[in-house]
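First up is the structure itself, then whatever we jot down about it.
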Protein chains: 2
Amino acid sequence: MIEGRVRLSDVARIAGVSAATVSRVLHRPDMVSADVCERVNKIVEELGYIANPAAQALASARTNVIGILVPSLTNNVFADVLRGIYTIAQDSPYDVQFGNTRYSNLEEENLLRIFLNQKPAGLIIAGTDQSAASRAMLAQATCPIVQIMEIGEDPIDMMVGFSHVDGAYVATAHLVERGYRRIAFLGARMDPRTQRRLQGYTAALERAGVFDERLIVTTPRASTVTLGCELLCLLLEKDLAADAVFCNNDDLALGVLFECQRRRIPVPSRMGICGFNDLEMMAVANPSVTSVKTFRLEMGEEAIRILIDKIEGRPVPEGPIDLGFKLVARQSTQGLAR
Amino acid sequence: MIEGRVRLSDVARIAGVSAATVSRVLHRPDMVSADVCERVNKIVEELGYIANPAAQALASARTNVIGILVPSLTNNVFADVLRGIYTIAQDSPYDVQFGNTRYSNLEEENLLRIFLNQKPAGLIIAGTDQSAASRAMLAQATCPIVQIMEIGEDPIDMMVGFSHVDGAYVATAHLVERGYRRIAFLGARMDPRTQRRLQGYTAALERAGVFDERLIVTTPRASTVTLGCELLCLLLEKDLAADAVFCNNDDLALGVLFECQRRRIPVPSRMGICGFNDLEMMAVANPSVTSVKTFRLEMGEEAIRILIDKIEGRPVPEGPIDLGFKLVARQSTQGLAR
DNA sequence: TTGTAAGCGTTATCAG
DNA sequence: CTGATAACGCTTACAA
């Protein structure tokens, strides 16, 4: 038994070869004769040798770390994206390391500095609204980078997402098409993606000639179901004869549904409700709630897939990858009572 | 301007001191004269020097990484715990690194091997049901370890959690006390903590003399709101005159509520519903849903707090830390119609 | 209080 | 195809 950790040199000594050879067996087996390869592998196995990542990183000036920068780790939406990333990363030689920017450009810069300092193999970063400082750091980075969640102007490198403006536009147009006219917007957090949804909402209503700015109710607070209840209360207090709400996300929509039930406001005959993201529960709520399905899992999977492809020198699709969205019309927007 | 990354030696050269001194300024400022200290710090600042973590780890044979091993990163419950951990870790010199064991002992072993190989500063691991192999590895580890989520027998090192058996017992006893008699158990995933909740449920009903094994409906699938609907359907199909359900968690409970609404089964007058964890939305559902509040954020915070205390040699509480739980009775268990 | 110098465990260059 | 040997950037006795 070897005292302490098993090192490369231990494997080498026991296999009767040099450390360099063991290293080659592990990284470039094609450069080593088959029998040496096999013998070394057996000993690696027997000894349970695991490379010291610090030494590897130091010697090779690179790591197998893929850094992920998102504004929240726990929010349903990002949780799904992370799950997608994780799924693919599991079967790859890369370790993912998550950083939580907490919706702050400053925190993003700090994390970026730390991550980049580790010479990561690649980087995934949420959104397209990085600060100038972050942009500068990213521009200097030598590793591939994928921006996720949105599709936008001048990608830093690669990009996979969808148009929040269009998603909101389609949802709002659907409400108009179902006969709703006094359509409110309920928004929480008001991060860049929420702002874009507000844009889409506005565009759709202006096009239909029924836009009324007073129907927009927002808050910087993080969205929760409870907050959905509260925002609906705020809206109703304004007494603007709202007959539908487009919610920035499904948590709010569910809260609106609960609050309507509590106030005996019939959904959808007196109040239409549309959410965003299409969380699993929207389909089974009662009434079921219309939402805009987004492909969060797929976004994570695709992002890390093309990132790894690029890291390993394989060809990747040209230009931003638009995963789109899908309006899922359900009971909650079936139209007003006639 | 220095080409490439700024190294310790660059700082040393410009400050006119040795590399060792710079290292001391950064780690043991008390060993260095005040003015040298100040001068070095200024240059570190100016140059934007950030230590190469790989070199640090290699030279010092330790890291500032705290490893976190949980069965899921996205499940609401763990998401909250992780958030608590993150909050505290942010203001510490430690980096947290998450590992997802996906409810598998085997994956846990593999991750443990990888983590331990990095000589982490500390480890947080969910649950008390580690495999023999994992236990052995943990026993050999030289860093402090905190087991979270549960309180149980022979802690490996430190422990912070609560009793799932007791939580379920109290919830079930509450249903009995409110007059329900045909109380079903709906459980998903059936991980160790769910099993213990089932134990508590069973104990409470046996004590009340109303235990009926046929009322237990479980599935290995992961819990979702949709699954709550499905499990209730399964239960009702059995035609056992169930008059209440204790759900393994709040997702299921919400699904049960929706399904009851759909089937026009009045809650709570014909069907009582109790969840577990007390997610934010339970309070605003309609009717509001009774649940067992658990202190997930606090669990994460406390776990990493005592871990860091121990790492840094400060005294830590003796024995497991029981954070308890709290039954929150709401409309959904107000009793049967008389 | 400060500097010198020897590693830490790999990888990579260059011969052979 | 394989083996020496010199980095990689930092920490830490040990000396001064």
Side-chain angles (χ1 to χ4, degrees), chain A residues 2-41 43-44 47-65 93 95 114 116-121 142, chain B residues 2-41 43-44 47-65 93 114 116-119 121 142:
Chain A
I2 294 153
E3 68 215 54
R5 296 229 44 73
V6 180
R7 285 153 308 172
L8 191 64
S9 58
D10 296 319
V11 176
R13 186 164 35 72
I14 295 181
V17 297
S18 74
T21 298
V22 177
S23 180
R24 286 190 197 104
V25 169
L26 264 21
H27 300 293
R28 250 183 297 278
D30 49 301
M31 288 182 64
V32 183
S33 73
D35 56 334
V36 169
C37 212
E38 191 182 354
R39 184 153 41 100
V40 168
N41 273 134
I43 304 212
V44 164
L47 264 44
Y49 168 72
I50 299 182
N52 178 329
Q56 288 186 303
L58 186 58
S60 64
R62 52 192 156 65
T63 64
N64 65 339
V65 171
D95 280 346
I114 293 172
L116 252 17
N117 190 48
Q118 303 190 36
K119 303 197 202 306
T142 54
Chain B
I2 294 154
E3 68 215 54
R5 296 225 47 69
V6 180
R7 285 155 306 172
L8 189 66
S9 57
D10 296 320
V11 177
R13 186 167 33 75
I14 296 180
V17 296
S18 73
T21 299
V22 177
S23 178
R24 287 190 196 102
V25 169
L26 263 21
H27 301 295
R28 250 184 296 277
D30 48 302
M31 288 180 64
V32 183
S33 73
D35 55 336
V36 169
C37 213
E38 190 183 352
R39 182 153 41 99
V40 168
N41 273 136
I43 304 214
V44 163
L47 265 42
Y49 168 73
I50 299 182
N52 177 329
Q56 286 186 303
L58 188 57
S60 63
R62 50 192 158 65
T63 64
N64 66 338
V65 171
I114 293 171
L116 253 15
N117 191 49
Q118 303 191 35
K119 303 196 201 308
T142 55

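Chain letters run A, B, ... following the sequence lines, proteins first, then strands; residues in each count from 1. Source: prediction; values computed, not measured.
One can place CZ of A:Arg13 at 13 Å from P of C:dT10, the figure rounded to the nearest angstrom. The separation between A:His27 atom NE2 and C:dT10 atom C1' is 8 Å, rounded to whole Å. In this entry the distance linking CG of A:Leu8 with P of D:dC8 reads 19 Å, nearest Å. One interatomic measurement links the two molecules: CG of B:Asn117 to P of C:dG9, which rounds to 11 Å at whole-angstrom precision. Distance B:Met31 CE to D:dC14 P: 13 Å, rounded to the nearest Å. Rounded to an integer number of Å, the gap from A:Asn52 CG to D:dC8 P is 18 Å. In this structure, the CZ atom of B:Arg62 is 15 Å from the P atom of D:dC10, given to the nearest Å. Note: CG (A:Leu26) to P (C:dG9) measures 16 Å, nearest angstrom.
Atoms CZ and CG, from B:Arg5 and B:Leu47 in turn, are 10.5 Å apart once rounded to the nearest 0.5 Å.
Residue B:Ala20 is in base contact, counting any heavy-atom pair closer than 4.0 Å across all strands shown.
Panel note: side chain A:Thr63, backbone A:Ala57; no donor-acceptor pair is recorded below 3.5 Å. Side-chain atoms of B:Asn117 come within 3.5 Å of backbone atoms of A:Ala51 as a donor-acceptor pair (strictly under, hydrogens ignored).
Using a 4.5 Å heavy-atom threshold, the side chains of B:Asp10 and B:Arg7 count as touching.
For B:Ser33 and C:dT2, the shortest distance from a side-chain N or O to OP1 or OP2 is below 4.0 Å. Remark: B:Arg7 is not in phosphate contact with D:dT11, judged by side-chain N or O atoms under 4.0 Å from OP1 or OP2. Considering only side-chain N and O atoms, A:Arg24 lies nowhere under 4.0 angstrom from the phosphate OP1 or OP2 of C:dT13. In this model, the phosphate group of C:dA12 is approached by a side-chain N or O of A:Arg28 to a distance below 4.0 Å at OP1 or OP2. Look at B:Gln56 and you won't find any side-chain N or O under 4.0 angstrom from OP1 or OP2 of D:dC10. Regarding contacts with the backbone of C:dT2, every side-chain N or O of B:Thr21 stays at 4.0 angstrom or more from both OP1 and OP2. For the OP1/OP2 pair of C:dG3 and a distance below 4.0 Å, the side-chain nitrogens and oxygens of B:Ser18 include at least one atom meeting the criterion.
Each of A:Ala54 and B:Ala34 was assigned the nucleotide of DNA chain C with the nearest heavy atom; the assignment lying further toward the 5' end belongs to B:Ala34. With the nearest nucleotide of DNA chain D identified for both B:Ala59 and A:Asp30, A:Asp30 has the one nearer the 5' end. Where B:Asp35 and B:Leu58 meet DNA chain C, the nucleotide closest to each residue was compared, and B:Asp35 sits on the side nearer the 5' end.
When all heavy atoms are compared, the tightest approach of B:Leu8 to B:Tyr49 is N-CE1, 3.4 Å.
Listed nucleotides C:dA5, C:dT11, C:dT10 differ in distance to A:Ala55; the shortest reach to its side chain belongs to C:dT10.
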